[in-house]
Each structure stands twice: as C-alpha cells, then as structure tokens.
Trainee: 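Handing you this structure, nothing more for now.
Reminder, nothing fancy here: chain letters follow the sequence lines and each chain counts from 1.
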There are 2 protein chains.
Amino acid sequence: MKKNSSVTINDVASEAGVSKSTVSLVIRNSSLVKPATRKVVVEAMQRIGYVYNRDAANFRSRSSNIVGLIIHDLTNPFFAEMYVGLEKRLANSGYIALLSNTSEDAEVQLRNFNIMKEHRIAGFIVCPAQGTDQQFIEALKQQNTPVVSVIRRLPDPDKSFDYISADVRQGTYLATRHLLEQGYRHVGYIGGLDTPIRKDRLKGYKQALSEFDLRVDEKYIYTCQPTRANGEKAIRELMLSPNVELDACVCYNDLVALGTLWGLHDLGVAVGKEFGVVGFDNVAAAAHTTPPLTSVASNSDDIGRAAAERLLHRIENNTEQPVHIVKPVELVVRNSSGRQPD
Amino acid sequence: MKKNSSVTINDVASEAGVSKSTVSLVIRNSSLVKPATRKVVVEAMQRIGYVYNRDAANFRSRSSNIVGLIIHDLTNPFFAEMYVGLEKRLANSGYIALLSNTSEDAEVQLRNFNIMKEHRIAGFIVCPAQGTDQQFIEALKQQNTPVVSVIRRLPDPDKSFDYISADVRQGTYLATRHLLEQGYRHVGYIGGLDTPIRKDRLKGYKQALSEFDLRVDEKYIYTCQPTRANGEKAIRELMLSPNVELDACVCYNDLVALGTLWGLHDLGVAVGKEFGVVGFDNVAAAAHTTPPLTSVASNSDDIGRAAAERLLHRIENNTEQPVHIVKPVELVVRNSSGRQPD
DNA sequence: TAGAGTTTTTGGAACGTTCCAAAAAAAAAT
DNA sequence: ATTTTTTTTTGGAACGTTCCAAAAACTCTA
C-alpha cells in the first residue's frame with residue numbers, strides 16, 4: 001500500500017460519506033462540524049491512510065507555514081545553538097524551517113534567498129553574511145513578508161527590520177571591568193572587523209577603562225576576522241611587539257579567545273595567573289579549555305527563541321514599527337581571568 | 001510596488017503578448033521556445049517583477065525540490081559541518097532543505113517527520129535519534145520517497161535504506177594501532193552506548209590489540225553516552241580504579257576525548273608524554289586543545305556531500321537495491337598521542 | 001505556390017485544497 | 001404543527017501552475 005499518496009480529501013469524503021468541504025473543515029479543526037461527524041471523518045482518514053497536502057492548501061489559501069532561515073555560519077556553535085532554540089519555538093507554533101547556511105558569502109545569500117522566495121515563505125529570519133549589500137536589502141524590502149534580523153543587524157540605513165541582539169556593549173563592559181577588578185591594568189581588545197556591533201562592544205570596553213581612569217590605547221585594539229587562527233596570530237603579534245605590554249585581553253568571541261589561549265600557552269604565558277583572558281558567547285567548549293575560559297554568555301538558545309517569537313508575532317501583525325530587542329548577557333567567570341596575588 | 005506578488009504567469013503573458021503556456025515554457029527553459037520569444041518574455045517578467053510560484057508548480061506537477069533533513073544533534077560540530085556540505089550539494093542541483101533537529105528525541109523526530117511529509121518532499125536524509133523505533137521506520141517505508149541515512153544506520157531489520165557512513169572500524173583500528181606503535185600497552189576504549197556502530201568500532205580496536213598480541217580486557221572498555229562530561233567522568237573512574245593501569249585511550253568521539261583531556265589534566269597526568277589519547281571526528285577544536293588532540297578524521301563535509309549525492313540519485317532513479325557507502329577515514333596525528341621515550 | 005514536414009505557440013483541463021454563499025438539518029419558539 | 005432561528009453541511013469556483021493535444025507559423029521540396 002505504498003502508493004504515491006494520491007489519497008485526497010475527496011477519497012476521505014466518500015469513505016466517510018460526507019462532502020469534501022466537511023472533510024476540509026475537520027482537517028482545520030473547525031468548530032462548525034458536529035463531534036460525531038468529526039469522528040467519522042477522522043476514522044475514515046486513518047482507514048485509508050490520508051496525508052494532508054499542505055502545499056495544495058497553502059497554495060489555495062495563499063498562506064504558508066514555512067519560515068526561511070538565513071544564517072551565515074552554522075558551524076559556529078553559537079549559531080547552531082541559536083538555530084536549535086529557534087526551530088523549537090517555530091515548531092511549537094506549527095512552523096517549519098527552510099535553512100540556508102551562507103558561509104559568509106553574500107552571493108550565496110542572495111541566490112538562496114531568491115530560491116526561498118519562490119516558496120511563498122511566511123517570513124524570514126536573517127543573520128546576514130559579511131558584505132551583505134544594498135541589493136539584498138532591497139530584495140528583502142521588495143517582498144512583503146516580515147523579516148527579523150538576529151545578532152548582526154542588516155545594513156539598512158532606514159533600520160526597517162526588527163533586530164534581536166545580545167547586549168554586547170554591556171557584555172564587553174562587564175568583561176573589561178572584571179579584568180580590571182582582578183588587578184590587570186593593560187587590557188587589550190582582540191578580534192572583529194570594523195562593524196557596527198564591534199563599535200558597540202568597544203564602547204563597553206572603553207567605558208570600563210574610563211571608570212578606572214585608564215586611557216584607551218589604539219595599539220591595544222586588534223582588528224581581524226574573528227577566527228581561532230587569527231586570535232592566535234593577534235596575541236602573538238601583540239605580545240612580541242616591543243612597545244606593548246599587555247597583561248589581559250577581552251576577545252571578540254570565544255573562537256578568538258581559544259586562539260589566544262593557545263598562542264599564550266605557546267608563548268609560555270600562564271593564563272589565569274599572570275595574564276587574563278575573557279571570551280564572548282560562552283560556547284560549550286569554553287568550560288573545557290586549559291584553563292577554563294571566562295566568557296560572556298549571551299544565551300544563544302534564548303536569542304533564537306526571541307527571534308522566532310518576534311517573527312511569529314510579525315506574521316500575525318505586520319503593522320508595528322520595527323523594534324530592536326536587546327537580550328541581557330552575563331559574565332561567566334572561570335579560571336582564565338584569574339590573577340596571582342602580587 | 002510591494003504588492004503581495006499576485007503577479008502571475010498570466011500577467012507576464014499579456015505583458016509579453018504571448019500565451020501563458022509559452023511563459024511557462026520559458027520559465028522551465030524549454031528548448032521549444034524561439035530565442036526571440038524567450039527574450040521578450042524574460043524582459044516582461046523583469047519589467048513587472050514576476051516571482052515564480054514554485055509551490056503552485058510543484059503542486060500541479062506533483063514534484064518537489066524540497067529535501068527533508070532530520071538530524072539528531074546540530075550543535076555537534078561534526079553534524080553542523082556535515083549539514084553544510086549537504087546543503088551545498090543540494091543547492092547545486094536546485095534543491096533546498098527543510099531541517100529538523102531532533103535533539104535525540106524520537107518523539108520529536110516522528111512529529112517533525114509527519115509535518116514534513118505534508119509538504120510532499122522529494123526525499124529524506126536522516127541521521128536518526130537514539131531510541132528511534134519501528135513506528136518511525138514503518139512511517140519511512142510507508143511513504144514512497146527515497147530515504148538515505150547517514151552516520152547512524154536506521155534500525156531497520158531489512159536494511160532497506162541507503163546508508164552512508166564513515167569507516168569507523170578502520171578509524172578505530174588506526175587509532176589503536178597508532179597508540180600501540182607509540183609504545184603504549186594498556187589502551188582503553190572510552191565512550192559510546194552499545195550500538196551497532198560502536199560494535200563496529202570495537203572490532204577495529206580489538207583487531208589492533210590482537211595484532212600486537214594483546215588480550216582484550218573488558219574492564220578497559222567504558223560504556224557511556226558520548227559527551228564531554230562523561231569522558232571526564234570515565235577517565236577519572238578508570239584512573240582511580242585500583243585494578244586498572246591504563247596508559248592510553250581511544251575515544252568514541254572528540255567530545256569524549258576533550259573530556260578525558262580535561263580529566264587527565266586535573267589528575268595531573270601528562271597527556272602526550274605518559275598517556276596517549278586519540279579522539280574521533282577531528283572537529284575544529286581538536287587542533288587547539290592542550291595538547292592538541294590526535295583524532296580520526298571522517299571528513300564531515302564530504303560525508304554530507306555523499307549523502308546528498310546518493311539522495312539526488314535516488315530521486316532520479318529509485319529502483320536500485322539499497323547500498324551502504326563507507327567513506328574512508330584518516331588519522332590526524334597531533335601531540336596528545338605522543339610518548340616520552342622511556 | 002501547393003503540399004508536406006517541422007518548429008513554435010496555444011487554449012483548456014487538471015492538480016488538491018479553501019472559500020463562499022446557499023442548502024439542509026436540527027432545535028427552539030409559537 | 002408550523003414557523004423561526006440556529007447549527008451543520010454542501011457544491012462549485014478559485015488559487016497559479018503544468019500538461020496535452022491540437023492549431024498556427026514557419027521551412028523546405030517539388
């Protein structure tokens with residue numbers, strides 16, 4: 001009986017001895033149908049193995065329960081976790097996710113978006129690739145389904161999309177202040193390209209320094225793509241630079257932090273004693289580095305859920321002004337930011 | 001002009017002064033239409049901002065370019081990377097992925113599968129959750145679209161699905177032999193529940209031992225859910241057990257290995273000198289542990305691609321017998337398996 | 001230039017559902 | 001028992017595309 005499910009609503013109707021309209025109502029849980037009738041129909045459906053053709057339904061009703069997810073790097077555990085939170089929330093409301101990993105490639109992003117569009121999607125959640133251009137923004141605006149951006153803001157001058165982010169400024173502030181409180185006095189900032197989010201983070205960094213009456217020294221701010229390899233390279237360059245005497249650093253994210261841990265280990269620097277390191281994201285690996293990494297936790301799972309919630313809300317009601325939701329962060333202190341008493 | 005794209009093929013037709021059938025042919029790149037006509041139509045499409053309604057098309061032609069992906073844990077970097085390879089390959093052939101992360105929950109798995117089914121999917125790629133039961137297998141068999149399983153085999157007595165896996169037996173063999181060649185003589189095996197894959201791995205482990213004329217001692221084989229925390233717990237128990245004198249271990253996967261590294265560090269054991277550790281999967285983090293982790297690489301990206309390829313092939317031609325494709329693995333040697341000369 | 005052959009275009013039915021207005025059935029009121 | 005009201009069920013049109021058989025437009029040959 002594994003025939004290509006051409007069992008339709010009509011077959012159910014004749015099996016149950018009602019009209020197709022009634023069957024349709026039953027499927028959609030309408031309160032119009034009499035309980036007895038519903039029972040008959042449901043049984044008929046089971047008897048003949050009916051599978052709802054949601055595409056036909058969506059087609060006719062011009063609606064959709066598919067949400068398009070565009071994420072720039074799913075192999076980053078933070079985003080994978082975020083995805084999981086997102087999907088769970090969507091599933092709870094009967095939505096399902098078409099996913100595209102863009103690998104930071106703006107072209108792939110545009111291409112996949114166009115393919116997704118053809119499926120009449122209910123809404124998009126986007127964590128845009130680097131180099132996302134106006135063409136993409138325009139494309140998003142053109143279509144009238146809601147769009148929510150997460151973590152990274154879409155480079156839209158009009159800020160016309162909802163945006164869910166972590167309070168990275170506060171996080172960076174907490175991280176920096178913590179190192180200063182530990183007694184470190186030459187705290188650098190490592191990683192990230194010159195983006196709006198990073199600017200925001202640096203504000204937190206600078207605020208903490210100024211609260212301790214310390215000057216910001218641009219030599220101590222290192223700009224690079226936030227990868228493990230670059231973290232290692234950065235710390236090496238900084239430590240070997242003659243006119244820099246770093247004794248701690250705040251990292252753009254945990255990947256960078258892992259790189260610096262590694263670099264420092266290699267340089268024979270005792271992290272958590274003579275040098276403090278703080279990461280950002282609190283990925284699972286942070287708890288298991290040597291020494292364990294102090295990190296700013298921006299609950300990925302939670303952010304995913306929030307983004308999903310926002311999108312679902314927009315799908316219902318797309319009249320509000322765009323909002324920017326900032327989820328709180330917290331500092332998770334482990335050994336990498338410790339300090340040996342002088 | 002951001003009207004809810006009710007621009008249809010008919011609008012294009014009248015704009016271009018041809019029939020809707022011609023437009024349809026143009027969309028589908030039919031060689032039937034004269035180049036000149038095609039040009040006119042394409043221009044008309046652009047002029048009025050036509051978006052192909054693929055759902056309507058799929059609906060009418062009873063086909064689909066959506067592939068259902070069911071994966072048990074996307075937060076495991078191995079699977080995230082596999083997903084990326086998979087998606088890339090699918091996209092190349094014009095397919096797009098509906099993804100479901102089951103978080104090892106067989107109920108979620110079944111539920112999401114049923115939702116996916118309603119979208120008349122072209123085929124499924126499944127990495128089944130633990131505890132996948134016959135009900136799910138039956139459900140997969142019921143529907144007549146192809147199914148490919150990856151990494152974990154579907155618990156189907158008839159083995160009626162394609163299966164793409166890494167050569168874990170060989171990998172475990174290589175890992176064990178390597179440790180033995182380094183001079184370690186009390187090599188344990190840590191992690192994994194009693195599953196078919198693990199049995200396979202243990203075969204490789206045992207083979208290597210026997211090649212060195214060593215007995216298999218069940219005390220040295222530790223069974224547990226393969227997580228970091230359990231890896232740590234395992235090594236601790238083993239090392240503190242009075243009648244066990246372990247000097248090396250092969251781990252079920254890198255997560256477990258990271259746990260053991262951590263545990264050993266805590267116990268003051270010098271990994272890579274007096275104790276050898278080998279992981280499995282060669283996740284990105286393996287290169288950056290202390291010491292760097294020797295690991296068996298089963299190119300995740302490649303496996304994803306292979307699974308996608310297999311599914312695409314099946315979608316074209318679903319008559320062949322199910323196959324089991326085993327992708328080769330290789331040992332990536334780093335410091336964790338080193339040994340101090342006696 | 002008529003006829004045959006070939007290429008290109010076309011109109012209408014069909015896919016499986018929802019929507020709608022209206023019919024039928026049941027319940028309540030007289 | 002009839003009428004009115006309320007609840008439940010229904011048939012046909014519609015959604016935007018593809019499919020198909022047939023028409024139209026060309027090309028070639030004699």
Trainee: Using 4.0 Å as the upper bound for N to carboxylate O, is an ion pair formed by B/R310 and B/D162?
Mentor: yes

Trainee: According to the salt bridge (charged side-chain N to carboxylate O under 4.0 Å, His left out) rule, which pairs have a member within residues 92-103 of chain B, sequence neighbours left out?
Mentor: none

Trainee: Classify the nucleic acid contact of B/N58 as base, sugar-phosphate or nothing, counting any heavy atom under 4.0 Å across all strands shown.
Mentor: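 If one applies the 4.0 Å heavy-atom cut-off, B/N58 turns out to touch nothing in the nucleic acid.
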
Trainee: I'd like to check the side chain to side chain contact (heavy atoms under 4.5 Å, CB included) partners of B/K20; sequence neighbours left out, ordered by chain and number.
Mentor: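 Result, side chain to side chain contact (heavy atoms under 4.5 Å, CB included) vs B/K20: B/I9, B/N10, B/A13.
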
Trainee: To the nearest 10 degrees, how far apart in direction are the end axes of the helix from C/dT1-D/dA30 to C/dT30-D/dA1, each fit to five base pairs?
Mentor: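 Comparing the first five pairs with the last five, the axes sit 40° apart.
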
Trainee: Quick one: side chain to side chain contact (heavy atoms under 4.5 Å, CB included) partners of B/S14, sequence neighbours excluded?
Mentor: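 Side chain to side chain contact (heavy atoms under 4.5 Å, CB included) list for B/S14, sorted by chain: empty.
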
Trainee: What is the per-nucleotide protein-contact pattern of nucleotides 5-10 of chain C, from the 5' end, where B denotes a base atom under 4.0 Å from a protein heavy atom, S denotes such proximity for sugar-phosphate atoms only, and - denotes neither?
Mentor: ---BBB

Trainee: B/F59 on top of D/dT17's base, within under 5.5 Å and under 30°?
Mentor: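 So B/F59 does not count as stacking on the base.
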
Trainee: What residues form a side-chain hydrogen bond (donor to acceptor under 3.5 Å, both in side chains) with B/S165, not counting sequence neighbours?
Mentor: B/H324

Trainee: What's the CD1-P distance between A/I9 and D/dG12, to the nearest Å?
Mentor: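 To the nearest whole Å, that distance equals 16 Å.
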
Trainee: Looking only at the side chain of B/R60 (C-beta and beyond, no hydrogens), which of the listed nucleotides C/dT18, C/dG16, D/dC19 gets closest?
Mentor: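 Nearest listed nucleotide: D/dC19.
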
Trainee: Mind checking side chain to side chain contact (heavy atoms under 4.5 Å, CB included) for B/N76 and listing every partner two or more places apart, or none if nothing turns up?
Mentor: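 If we apply the side chain to side chain contact (heavy atoms under 4.5 Å, CB included) test to B/N76, skipping adjacent residues, the hits are B/D73, B/F78, B/F79, B/L255.
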
Trainee: Looking at A/R62, I'd like to know whether one of its side-chain N or O atoms comes within less than 4.0 Å of OP1 or OP2 on D/dG16.
Mentor: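 Yes, because at least one side-chain N or O of A/R62 sits under 4.0 Å from OP1 or OP2 of D/dG16.
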
Trainee: Give one of base, sugar-phosphate or nothing for A/R28, where a contact means two heavy atoms less than 4.0 Å apart.
Mentor: sugar-phosphate

Trainee: Expressed in angstrom and rounded to an integer, what is the separation of B/N53 atom CG from C/dC15 atom P?
Mentor: 18 Å

Trainee: Test: ring pair (Phe, Tyr, Trp, His ring centres under 6.0 Å). Region: residues 123-153 of chain A. Which pairs qualify, not counting sequence neighbours?
Mentor: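 Listed by first then second residue: A/F113-A/F124, A/F113-A/F136.
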
Trainee: Once side chain to side chain contact (heavy atoms under 4.5 Å, CB included) is applied, do any residues pair with B/A129, and if so which ones, sequence neighbours excluded?
Mentor: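 Testing B/A129 for side chain to side chain contact (heavy atoms under 4.5 Å, CB included), a comparison that skips the adjacent residues, returns B/H72, B/T102, B/E104, B/Q109, B/T132.
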
